[in-house]
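This report refers to the structure that appears directly beneath it.
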Amino acid sequence: MFGDQLFGLRPLIMRNLLRIGTRKSALALWQAHWVQAELLKSDPSLVIQLVTITTRGDKILDVPLAGVGGKGLFVKEIEEALLQGQIDLAVHSMKDMPAELPQGLCIGPVPPRENPADVLIAKHDTPFARLALSARIGTSSLRRAAQLRCARPDIEIRPLRGNVDTRVRKLDDPAEELDAIVLAAAGVRRLELAHRITEQLEDRLMLPAAGQGALCIEIRQDDHGVAEKLTVLNHAPTRLAVLGERSFLHRLGGSCQVPIAALGTIDGDRLNLQGLVADIDGRTVYRDRHSGPAQAAEGIGRELAERLLGQGAAEVLEKLVAYGK
């Protein structure tokens, strides 16, 4: 009798099963658990499993991303599992997503965004403007390094890889000889480390990475059943802002090899988009803004990219690609 009941339930369980692919870091697991909780809140009949996957980016911790392949290092293995049907959706940090996705995959719903800004965490809570001459700031992001050097040419940039909690521990380790580190506000807040924040860096000083603070839920293009289950997660203003930022990134051929930044904000039915391209030394920075109807977000992103290319950013991009930076 019990076996018959179980047999009858099995097709229902399979229809309601969702397997979420995620990295194993504390932040990645927080994000995957958040998506799981939100989906169960909407439909308690769902059966949701988390599948942890180790990416190449998790294994290579002693080399800057720009030197080993860029952003795709954190998503490639998870995307392969998605394409092979081993998982039904993947949860990433949007800023980790390459400008182009593999054929057959797409970005699904985009949940509400956390704070997109970067923050400074410094010893003795010293604000950026008051850091000592030649202060040592830890970051392996070319985007952050370029903007820090632009604001303070005296700053010494120290390479710093690892998960959010690892980087905070390195700041506290005297052997690392760091005065401060720069992290995304979203990750710091999600891991309940907001009390460590010294200062939120203003956009004029530190424009964030495209998609920073937002989650990316990646799915198969032809999996309409999964797409339907996930619609409850979508936040239209965040999705439109991110579309504009990623369109800007895509037109520039952006990756971790080039300091590119973008931030979109929605004001009513309009998208205001800021964009930046810099040389790695921070001496040459091209920055502009563009706005228009939010529904035309991708066009606004492309137009802003074209504007910067016309101002001279094309030469910076060509040089960095030629040198493999």
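No chain of hydrophobic side-chain contacts below 4.5 Å, direct or via other Ile, Leu, Val, Met, Phe, Trp or Tyr residues, connects I53 to L27. In terms of hydrophobic clustering, with Ile, Leu, Val, Met, Phe, Trp and Tyr side chains grouped at heavy-atom distances under 4.5 Å, L308 and L273 are assigned to a common cluster. No single ILVMFWY cluster, assembled from side-chain heavy atoms under 4.5 Å apart, contains both V285 and L249. M97 and L82 are not part of a single hydrophobic cluster, where members link through side-chain heavy atoms under 4.5 Å apart.
For the pair T198 and D125, the tightest heavy-atom approach, listed with the atom from each and the gap, is OG1-OD1, 3.1 Å. Nearest approach of L160 to T139, heavy atoms of both residues: CB-N, 3.7 Å. A278 and V316 get closest at one heavy-atom pair: O-CG1, 3.7 Å. When all heavy atoms are compared, the tightest approach of I300 to P293 is CD1-O, 3.4 Å. When all heavy atoms are compared, the tightest approach of P102 to E218 is CD-OE2, 4.2 Å.
Annotation: E80, atom CD; neighbour count of heavy atoms from other residues, nucleotides and ligands within 6.0 Å is above 12. For Q86, the CD atom sits in a packed shell: over 12 heavy atoms of surrounding residues, nucleotides or ligands are nearer than 6.0 Å.
A side-chain hydrogen bond (donor to acceptor under 3.5 Å, both in side chains) check over residues 228-241, counting only residues at least two apart or in different chains, returns the pairs H235-T238. Every pair passing side-chain hydrogen bond (donor to acceptor under 3.5 Å, both in side chains) that includes a residue from residues 114-124 is listed here, sequence neighbours excluded: E114-R189, N115-Q200, D118-R143, D118-R144, D118-Q212.
Under the salt bridge (Lys or Arg N to Asp or Glu O under 4.0 Å) criterion, R190 pairs with no residue, sequence neighbours left out. Qualifying salt bridge (Lys or Arg N to Asp or Glu O under 4.0 Å) partners for R287, counting only residues two or more places apart in sequence or in other chains: none. V226 pairs by the side chain to side chain contact (heavy atoms under 4.5 Å, CB included) definition with L18, D88, I219, D223, L230, not counting sequence neighbours.
Not a single donor-acceptor pair under 3.5 Å links the side chain of S93 to the backbone N or O of D96. At distances below 3.5 Å, at least one donor-acceptor pair connects side-chain atoms of R152 with backbone N or O atoms of F128.
With salt bridges taken as basic N to acidic carboxylate O contacts below 4.0 Å, none links E79 and K76. Looking at R196 and D172, a side-chain N of the basic residue comes within less than 4.0 Å of a carboxylate O on the acidic one, giving a salt bridge.
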Atom pairs and distances, side-chain donor-acceptor, residues 129-136, under 3.5 Å, sequence neighbours left out:
unit_1 : atom_1 : unit_2 : atom_2 : d
R136   : NE     : E177   : O      : 3.2
R136   : NE     : D179   : OD2    : 3.3

**Item:** R246/M94 under side-chain contact (heavy atoms from CB on, under 4.5 Å): CA gap, chis, key distance, verdict
**Value:** CA-CA 9 Å; R246 285 185 55 77; M94 187 70 75; 3.9 Å; yes
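In this structure the side chain of E315 never reaches within 4.5 angstrom of the side chain of K319, judged on heavy atoms. The shortest side-chain heavy-atom distance between F74 and R23 falls under the 4.5 Å cut-off. Between Q295 and L240 the shortest side-chain heavy-atom distance falls below 4.5 Å.
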